[in-house]
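Right, one structure below, let's go through it.
Numbered from 1 within each chain, the chains take letters A, B, ... in sequence-line order.
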Amino acid sequence: MLRALADCNNFFASCERALNPALQGVPIVVLSNNDGCVVARSAEAKVLGIPMGAPFFQVRRLCETHGVHVASSNFEVYGDFSNRVMEALAEHARDIEVYSIDEAFMGFPDLTDEQAFVLGHSIRNDVLARTGITVSIGLAPTQVLCKLANELSKKDPKTSGVYLMPTDVAKRLELLRSIPVDSLWGVGKGTASRLRAYGVITVADLAEIEPERIRSFAGVVGERLALEVRGVPCHGIVEESSPRQSILSSRSFGNPVTQRDNLAEALAHHAFRASEKLREDGLVAGTIVAFARTNRHREDQEQQDAEAVIRLDPPTHDGRRMAAAITQAMDAMWIPGFQWKRAGVYLADLSSSGVTQPGLPGLGPAEPVQRRKLMEVMDALNAEHGKDAVRLASTGLERIWKPKAERLTNLTVKNAPAEVVKPEGDSRVKRTRIRFHE
DNA sequence: TCTGGGGTCCTAGGACCC
DNA sequence: TCTGGGGTCCTAGGACCC
């Protein structure tokens with residue numbers, strides 16, 4: 001089977017440009033939450049030498065000097081673009097696995113090299129025409145090789161955005177000999193240094209070593225990698241997404257929080273946000289962890305973590321119950337005298353809601369009817385009138401803990417076509433696994 | 001002054017049991 | 001000084017990804 005990885009180029013920056021055609025040719029930078037770091041750069045911004053992940057305050061001058069358009073990230077809008085890209089991709093593939101907000105693996109029946117090229121280009125053209133987003137296509141027999149092919153397509157302008165990994169094994173090995181093993185998907189710093197210690201320097205080295213031997217020093221992860229670069233698929237294209245195992249809602253504060261009440265409000269807010277995601281997926285949680293941290297980057301300040309772990313018995317998806325539990329836990333959690341920079345709520349021990357567990361007396365339906373109804377009504381109102389249209393009083397009125405987002409693209413009728421902001425429903429692409437991050 | 005927010009999977013080691 | 005052997009389950013933390 002032939003596989004492909006389609007990956008949107010400079011995705012968030014491309015979305016901003018698609019929303020505002022006046023940005024054609026203008027360097028664009030998109031900032032992370034709280035306007036903290038650079039998380040996406042248009043090609044022009046890369047040329048200016050703005051590094052990925054740079055704290056914005058370090059590149060602010062550079063941006064001003066060169067007239068860079070700087071945008072706060074707007075994940076709702078990027079999610080809509082993503083949906084439309086994935087729908088277009090799905091029409092071309094036999095199987096599709098939406099891997100992240102801007103990437104999808106696709107499966108095709110076997111094709112000749114010629115056919116693969118033609119297919120790659122027609123996918124690219126179609127997605128561009130329908131969404132305004134440019135994708136790069138890497139074609140190969142395994143997902144790890146697809147990743148590599150995709151990178152090569154982006155690096156080399158001659159490929160015009162479509163790269164097919166050589167099907168001839170000797171040719172492929174020759175190519176892989178020039179690629180360092182740490183550029184592989186799944187090889188980070190730790191694995192790279194372990195591999196180096198055993199003489200595995202290039203991807204070809206990995207392809208030539210006995211997979212069983214790899215296992216002794218790089219574990220099953222290394223073994224799978226070795227097989228994949230040989231062209232033996234270990235990852236299938238997963239169309240059915242498995243249920244989530246954890247949910248996190250957290251943010252940095254626009255300004256450090258020093259008052260207990262403000263931290264409590266922020267945590268109640270995150271608890272409710274997390275509970276919304278839980279209900280969306282039809283799950284209940286058995287454990288909440290509420291946490292707060294001081295600013296790791298301030299070496300002049302004493303650091304502190306605060307954490308409260310709360311068991312929910314029976315498990316729940318009731319945001320009110322969670323917020324109340326956290327409010328109670330504040331006594332144990334609160335440590336005065338620190339400047340809290342970030343806080344959040346983590347949900348674990350997730351299981352399907354409405355399921356009674358056999359053999360466990362007392363574990364009836366997850367929630368009493370009236371509690372469920374209340375959440376349903378709140379979710380419905382917020383879906384219709386926008387996030388936070390109705391919210392828990394415990395999340396506060398002033399909300400001085402809110403993160404910064406000072407450069408949000410103004411979605412007026414003029415620059416936001418209706419179908420961009422509110423795409424057609426009924427996507428046939430399963431997106432339950434999609435995660436809204438870059 | 002100012003530094004993101006999600007996730008998954010694997011492993012090692014401890015608790016516990018027979 | 002010396003003090004079994006094996007199995008399972010759970011958890012914390014590391015590594016990695018986007």
Side-chain angles (χ1 to χ4, degrees), chain A residues 5 7-8 10-12 29-40 51-61 63 70 72-75 78-79 82 97-105 143-144 147 150-151 182-195 215-225 234-235 238 241-256 270 273-274 277 281 286-287 289 291 293-301 305 307 309 339 341-350 403-407 432-438:
Chain A
L5 174 67
D7 188 320
C8 300
N10 319 323
F11 183 53
F12 299 164
V29 145
V30 179
L31 302 181
S32 63
N33 277 300
N34 211 30
D35 292 347
C37 295
V38 172
V39 294
M52 179 66 171
F56 179 57
F57 72 88
Q58 286 176 5
V59 295
R60 175 177 230 136
R61 286 293 297 276
C63 290
V70 180
S72 299
S73 41
N74 188 338
F75 287 92
Y78 307 152
S82 174
E97 176 186 352
V98 177
Y99 178 72
S100 76
I101 194 166
D102 71 340
E103 292 167 279
F105 288 105
Q143 296 194 3
V144 170
K147 262 309 219 200
N150 193 284
E151 275 169 38
D182 59 2
S183 59
L184 277 182
W185 182 44
V187 176
K189 264 193 204 145
T191 311
S193 74
R194 203 164 321 133
L195 288 172
R215 191 171 189 153
S216 67
F217 62 87
V220 294
V221 176
E223 187 181 6
R224 280 203 288 257
L225 270 171
C234 298
H235 305 281
V238 185
S241 58
S242 43
R244 290 207 227 222
Q245 299 181 22
S246 63
I247 288 174
L248 180 66
S249 172
S250 75
R251 283 288 181 282
S252 293
F253 298 122
N255 295 300
H270 288 301
R273 265 288 115 76
K277 298 186 197 177
D281 283 11
T287 303
V289 183
F291 64 88
R293 286 178 198 152
T294 48
N295 189 343
R296 287 295 128 90
H297 302 285
R298 291 291 297 263
E299 285 174 14
D300 57 320
Q301 290 181 353
D305 282 2
E307 190 183 88
V309 181
Q339 306 227 332
K341 177 60 182 166
R342 185 172 163 230
V345 166
Y346 177 80
L347 303 181
D349 295 328
L350 308 189
K404 275 188 287 195
E406 292 166 350
R407 298 156 183 273
T432 39
R433 202 162 192 171
I434 194 71
R435 295 171 305 255
F436 291 107
H437 58 191
E438 195 203 30

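Between A/Arg251 and the phosphate of B/dG4, there is no side-chain N or O to OP1/OP2 separation shorter than 4.0 Å.
Considering only residues two or more places apart in sequence or on other chains, A/Asp7 meets the salt bridge (Lys or Arg N to Asp or Glu O under 4.0 Å) condition with A/Lys154. Applying the salt bridge (Lys or Arg N to Asp or Glu O under 4.0 Å) criterion to A/Asp349, with sequence neighbours excluded, gives A/Arg311. For A/Arg293, the side chain to side chain contact (heavy atoms under 4.5 Å, CB included) partners are A/Phe291, A/Arg296, A/Asp305, A/Arg342, not counting sequence neighbours. Judged as a side chain to side chain contact (heavy atoms under 4.5 Å, CB included), and not counting sequence neighbours, the contacts of A/Ala104 are A/Met86, A/Leu89, A/Ile96. Listed by chain and number, the residues in a ring pair (Phe, Tyr, Trp, His ring centres under 6.0 Å) with A/Phe217 are A/Tyr198 (sequence neighbours excluded). With sequence neighbours excluded, the residues satisfying salt bridge (Lys or Arg N to Asp or Glu O under 4.0 Å) with A/Arg298 are A/Asp300. Applying the side chain to side chain contact (heavy atoms under 4.5 Å, CB included) criterion to A/Ser246, with sequence neighbours excluded, gives A/Tyr346. Taking A/Gln245 as the reference, nothing meets the side chain to side chain contact (heavy atoms under 4.5 Å, CB included) condition, with sequence neighbours excluded. A/Lys341 pairs by the salt bridge (Lys or Arg N to Asp or Glu O under 4.0 Å) definition with nothing, not counting sequence neighbours.
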Listing time: all N or O pairs from protein to nucleotides 11-15 of chain C that are below 3.5 Å?
none

Between the protein and nucleotides 8-10 of chain C, are there any N/O to N/O pairs under 3.5 Å, and if so, what are the atom names and distances?
none

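Distance A/Lys277 NZ to B/dG7 C1': 10 Å, rounded to the nearest Å.
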- Please assess A/Asp35 against A/Lys404 for the test salt bridge (charged side-chain N to carboxylate O under 4.0 Å, His left out), listing each intermediate value before the final yes or no. CA-CA 6 Å; A/Asp35 292 347; A/Lys404 275 188 287 195; over 6 Å; no

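Counting only Watson-Crick or G-U wobble pairs whose defining distances are both under 3.5 Å, the stems of 3 or more consecutive pairs in DNA chain B are B:5-18 with C:5-18.
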